[in-house]
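I have placed the structure first, in the form of structure tokens, so that the comments after it can refer back to it.
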Amino acid sequence: MVDFAYVIAGSEATGGAGIQTDLKTFQELGAFGLGTITCIVSFDPNNGWNHRFVPVDPQVIADQIEAATSAYDLDVVKIGMLGTPATIEVVADALAKQSWRHVVLDPVLICKGQEPGAALDTDTALRARVLPQATVVTPNLFEATVLSGMDAIETVDDLIEAARRIHDLGPRYVLAKGGVELPGDDAVDVLFDGTDVTVLSAPKIGDERVSGAGCTLAAAVTAELAKGATVVDAARRAKEFTGAAIAARVSGHLPFAAVRQGQ
Ligand code: PXL
């Protein structure tokens, strides 16, 4: 049997995040990966490595999704960076055309090179069109703060409260990630299924954010779900896989390190 893991996300030209990371993760975890590109991010080495962001034409996104979903009977998809309300529209419409066993949403709200206000537009459109179709959503601390409407998330209890509030927006499972920014020695994630809270904890690896960690976690959840795991098992395995990818991180000329899968 072939376990298909499909991703709809942006390209990040240095290979540390985005769809490149998603496909590497799928490959390492033994799923057949295929992907649809929504936007192209090229960091600018001559301008503080800021993001240069170019959305793909909505019709070209629709064409890619048509090709992928016509080629195979896909039932598990990860949604990564969408970037604009127009992209969110076309992806949400395409998702609604078939039923999915799992839609894993990494709610990437903004990248640095986008106009101010883009996070707000993206937040509004994601909330209205994609979150209700998601079965699993994986916000980081910033995204959990925005999506929950809380003033701040400073403790594990706050993170649990944010997960509860985001659950009310429609997704079946919320996997909220504390990351390095939530105070404490451990990187804590909380999984809320509408009834039970599962706290996943592992010692922090360094105290700097590593590019692509969030992409890797959501992609690993997607691959494990594609292979038939339950959401709680998928979340546990994904956290382990992401920790290993953070530990094996690579550094180059960028001001941050990037995850390396499967070392
Ligand atoms: O890590 C978030 C992310 C997701 N997708 C793309 C990105 C980034 C961050 O740079 O460029 C395409």
Side-chain angles (χ1 to χ4, degrees), residues 5-26 33-45 47-57 60-61 64 77-84 86-88 90-91 104-115 118-119 121-123 125-126 130 134 136-147 175-181 187 189 206 208-222 238-239 241-243 245-246 249-261:
Y6 179 37
V7 56
I8 301 175
S11 166
E12 189 278 274
T14 70
I19 202 162
Q20 288 85 351
T21 282
D22 296 324
L23 292 172
K24 287 186 241 182
T25 299
F26 292 166
L34 68 169
T36 286
I37 296 186
T38 56
C39 59
I40 298 172
V41 172
S42 316
F43 299 142
D44 185 353
N47 181 22
W49 298 97
N50 266 339
H51 292 40
R52 294 176 290 198
F53 167 82
V54 178
V56 171
D57 184 299
V60 178
I61 298 172
Q64 294 175 77
V77 59
K78 173 190 158 172
I79 311 295
M81 185 167 174
L82 299 174
T84 74
T87 301
I88 290 169
V90 72
V91 170
V104 178
L105 173 64
D106 187 10
V108 181
L109 287 181
I110 195 166
C111 93
K112 274 183 279 173
Q114 288 181 267
E115 291 160 36
D121 285 355
T122 307
D123 174 52
L126 265 184
V130 188
V136 184
V137 61
T138 62
N140 63 20
L141 214 54
F142 168 69
E143 293 150 358
T145 308
V146 174
L147 290 170
L175 180 57
K177 303 171 292 183
V180 287
E181 278 147 16
D189 302 336
E208 301 273 338
R209 295 186 63 167
V210 174
S211 180
C215 301
T216 301
L217 185 88
V221 167
T222 305
K239 189 168 174 68
F241 181 85
T242 305
I246 292 170
R249 61 195 175 277
V250 290
S251 296
H253 304 298
L254 291 151
F256 42 77
V259 280
R260 183 171 189 189
Q261 289 83 3

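If you're wondering where the values come from, they're calculated on a predicted model, not measured in any experiment. In each ligand, atom 1 is the first atom listed, and ligand 1 is the first ligand listed.
- Heavy atoms of other residues, nucleotides or ligands lying less than 6.0 angstrom from CD of Glu208 number 12 at most.
- Each of Gly10, Ser11, Glu12, Ala17, Gly18, Val41, Phe43, His51, Met81, Cys215 has a non-hydrogen atom positioned under 4.0 Å from some atom of ligand 1.
- Thr14 meets the side-chain contact (heavy atoms from CB on, under 4.5 Å) test with Glu12, Phe43, Leu254; sequence neighbours excluded.
- Residues Glu143 and Lys177 are not paired through a salt bridge, judged by the lack of any N-O separation under 4.0 Å between the basic side chain and the carboxylate.
- In the displayed structure, Arg249 atom CZ is contacted under 6.0 Å by more than 12 heavy atoms of other residues, nucleotides or ligands.
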Evaluate the criterion side chain to side chain donor-acceptor pair (under 3.5 Å) for residue pair Tyr6 and Thr36; output intermediate values, then yes/no. CA-CA 8 Å; Tyr6 179 37; Thr36 286; 2.6 Å; yes

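- Remark: Arg209 CZ to Phe256 CZ distance equals 10.0 Å, nearest 0.5 Å.
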